[in-house]
Amino acid sequence: MEKTIVLRTHTCGELRLENVGESVTVCGWVDSWRDHGGLVFIDLRDRYGLTQVVFNPDEGAEMHELARTLRNEFVIQATGQVVKRPDGMINEDIETGTIDVKATSLELLNKSLTPPFEPGTSDLPNEELRLKHRFVDLRRPTLQKALILRHEITKSIRDYFDENGFLDIETPIMGRSTPEGARDYLVPSRVHEGCFYALPQSPQIFKQILMVAGFDRYMQVARCFRDEDLRADRQPEFTQIDVEMAFVERDDILGVIDGLIARLVKDVRGVNVSLPLPRFTHADVMERFGSDKPDMRFDMELVDVGGIAAECDFGVFKNTIGGGGRVRGLNAKGAAEKYSRKMIDELTAYVGEYGAKGLAFFRVQEGKLDSPIAKFFSEEHQKALIEKLGGEPGDLLFFVADKEAVTSAALANLRNRLGKELELYDPMEINACWVIDFPLVSWNEDEQRWDAEHHPFCYPVNEDIPLLESDPDKVRAQSYDLVCNGYEAGSGSVRIHDPAVQQTVFDLLGISADEAERRFGFLLEALRYGAPPHAGIALGLDRWVMLMCGDDNIRDVIAFPKTQKAADLLSGAPSTVDERQLKELHIKIDVPEET
RNA sequence: GGGGCCGUAGCUCAAUUGGUUAGAGUACCGGACUGUCGAUCCGGGGGUUGCGGGUUCAAGUCCCGUCGGCCUCGCCA
């Protein structure tokens with residue numbers, strides 16, 4: 001091979017005592033500088049670490065003068081000898097802290113404007129500034145680690161599926177709009193006047209067609225787009241690990257993904273996960289945790305106290321039960337002294353966000369309860385409550401009385417908050433499980449119709465198929481969510497491959513044959529040509545990276561994320577476009593005039 | 001679409017509850033210093049208090065609107 005010009009011989013993270021005496025060249029960014037008039041110290045940074053370069057006037061006056069002009073984020077190349085640091089000058093904080101590079105020459109590769117903030121700062125600037133200057137933000141070790149981890153996770157996933165016979169097949173980014181589900185991002189067509197492509201919400205239909213085509217083990221690292229409002233764990237543009245298999249049943253998918261998660265956690269954390277991952281029914285977790293994505297890192301399960309509530313003298317409880325509602329609670333172990341009245345008021349406001357009109361609380365004492373509303377509960381009822389919740393002196397009991405859905409939402413979120421505040425779990429733990437047997441459909445009160453809980457191609461549990469017409473809400477779906485640390489980290493189902501069953505489900509969802517043909521005709525057509533039984537799942541890659549980082553902000557694991565208003569502050573997207581472009585596409589803008 | 005928090009030197013924050021010249025640390029500029037690593041020491045420059053309006057003798061502070069960021073309900077098959 002031709003000898004190429006090498007700008008560096010080592011990175012800033014690799015020099016150690018055993019390199020002492022070697023002549024090396026390192027490149028990087030000035031992380032910090034200390035000018036002693038004589039000696040100049042530069043902490044040089046690249047993505048591998050920090051190395052201290054020392055410039056001594058005795059090694060060259062010109063070089064030393066140049067070194068004195070170096071400022072933060074300047075890009076330099078330094079050549080010199082690796083030397084052992086004098087005794088007592090070792091920096092324990094950096095991995096290369098036992099050595100220096102004693103420079104003999106210095107090349108200023110590029111200057112930098114004064115950066116808006118320094119990558120090494122401990123006082124992180126607000127996120128708006130970080131996003132505008134993402135090229136600086138991305139120099140921070142935390143973000144560099146996150147993106148490196150993201151790479152490792154993606155590689156581990158690709159390797160796993162490759163080793164298990166899966167094919168990575170790409171599906172279109174420009175597709176056909178299917179109006180149900182999330183809002184589509186649209187792309188106008190120049191060639192087809194007045195027509196639009198849609199960016200995929202997921203490759204769902206294409207991967208099913210791949211099954212029909214015979215690619216019985218498919219996977220893809222697929223970019224997906226949904227024009228819905230953002231959250232801390234939701235971006236409009238995100239990445240799914242998309243998987244589909246033919247000639248399989250539910251447990252085959254679960255088994256394959258069990259293996260994937262074990263592999264991932266082993267590769268990334270070096271921790272062995274015991275398999276199979278626990279499985280819970282939807283009904284079970286809703287009752288015990290009030291959520292279909294419970295955080296299983298800690299207990300504090302919800303408890304039904306409807307029986308006691310119906311008998312007590314506390315009107316709110318009694319009337320709720322009388323009105324068909326529920327009274328449920330949980331026990332914050334040992335929290336009685338940790339939560340003042342003011343803090344409990346905050347918790348009351350917090351559960352209010354989920355529709356709860358109040359939050360009853362009791363401090364557990366020896367054989368009785370202390371609370372402003374304790375007087376409405378007889379000694380017998382107080383003891384019964386304590387027993388039901390496993391109360392011990394010092395515990396703090398909370399109760400919500402409302403419609404079932406409100407008690408679930410309020411208590412599930414209260415549970416998460418208390419779990420975090422009381423530090424009931426290790427934030428770095430990865431605790432994954434399956435939630436299965438979701439209902440197939442749910443009643444949409446606004447639209448007065450049944451909506452698919454997962455999607456319209458999801459196979460009902462076989463024994464429940466007769467209930468499709470009589471009791472749709474009792475029909476379970478052959479669907480499954482992969483839940484991790486309280487996040488939905490994956491979701492999938494066995495698909496319908498039988499046109500008759502598909503038609504029955506469409507009927508239930510109020511999708512006529514005509515409409516179905518118009519919307520998904522190409523899938524239905526494919527299913528008529530020898531579709532094998534098939535099933536699949538999609539995992540949220542961004543969320544998995546976030547979980548592996550122990551972070552709760554999805555933007556921290558995406559190189560160039562968007563703000564809550566779906567803007568890219570770095571590039572300025574979205575933006576207006578030239579009139580000429582619009583004209584070519586026959587598009588007229590009709591935005592209300594500003595007043 | 002709704003609720004909440006935030007916006008003051010490049011950056012992180014302060015400003016005695018409406019009071020007279022808006023401060024500190026850091027960064028930046030100049031100087032001193034041959035073992036620092038949050039270097040130190042001396043000196044200096046730097047402000048449309050997001051923007052617009054209002055109340056008031058007086059507004060960073062109070063009110064209204066607006067823009068932007070974050071959290072959240074709805075939404076996300």
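This is a predicted model, so every value here is computed, not measured. Chain letters run A, B, ... following the sequence lines, proteins first and then strands; every chain starts at 1.
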Residues at least two apart in sequence or cross-chain that pass ring-ring contact (aromatic ring centres under 6.0 Å, His included) with A:Tyr197, listed by chain then number, are none

Here the residues of residues 225-238 of chain A within 4.0 Å heavy-atom distance, strictly under, of RNA chain B are A:Arg226, A:Glu228, A:Asp229, A:Arg231, A:Ala232, A:Arg234

Paired nucleotide for [N] [Watson-Crick or G-U wobble; both distances under 3.5 Å]:
N	result
B:C5	B:G69
B:U34	none
B:U26	B:G10

For the pair [X] and [Y], find out whether any cationic side-chain nitrogen is under 4.0 Å from an anionic carboxylate oxygen.
X	Y	result
A:Arg234	A:Glu228	no
A:Asp43	A:Arg45	no
A:Asp137	A:Arg140	yes
A:Asp295	A:Lys420	no
A:Glu128	A:Lys132	yes
A:Asp556	A:Arg130	yes

Between A:Gln201 and A:Asp552, the residue closer to the 5' end of RNA chain B by nearest nucleotide is A:Asp552

Between A:Gln201 and A:Phe225 (side chain of the first, backbone of the second, donor and acceptor by atom type, cut-off under 3.5 Å), is there such a pair? no

Using atom [atom1] in both nucleotides, what's the gap between [N] and [M] to the nearest angstrom?
N	M	atom1	result
B:C11	B:G74	C1'	37 Å
B:A14	B:U21	P	23 Å
B:A58	B:G18	P	16 Å
B:U8	B:G60	P	15 Å

query = Can a side chain N or O of A:Arg555 be found less than 4.0 Å away from OP1 or OP2 on B:C71?
reply = yes

Quick one: is B:G68 close enough that its OP1 or OP2 comes under 4.0 Å of any side-chain N or O from A:Lys565? yes

(Q) Is the terminal nitrogen or CZ of A:Arg250 (NZ for Lys, CZ for Arg) located under 6.0 angstrom from the six-membered ring centre of A:Tyr480 and within 45° of that ring's axis? (A) no

Provide a list of protein-nucleic acid N or O atom pairs under 3.5 angstrom, restricted to nucleotides 4-10 of chain B.
residue: B:G10; atom: O2'; partner: A:Pro116; partner atom: O; Å: 3.3

For nucleotides 38-45 of chain B, tabulate all protein N/O to nucleotide N/O atom pairs closer than 3.5 Å, reporting atom names and distance.
residue: B:A39; atom: N6; partner: A:Asp35; partner atom: O; Å: 2.8

So the ring pair (Phe, Tyr, Trp, His ring centres under 6.0 Å) pairs with at least one residue in residues 505-526 of chain A (sequence neighbours excluded) are A:Phe457-A:Phe520, A:Phe506-A:Phe520

Compile the donor-acceptor pairs under 3.5 Å between side chains in residues 86-97 of chain A and protein atoms, sequence neighbours left out, one pair per line.
residue: A:Asn91; atom: OD1; partner: A:Asp93; partner atom: N; Å: 2.8
residue: A:Glu95; atom: OE1; partner: A:Arg16; partner atom: NH2; Å: 3.0
residue: A:Thr96; atom: OG1; partner: A:Leu50; partner atom: O; Å: 2.4

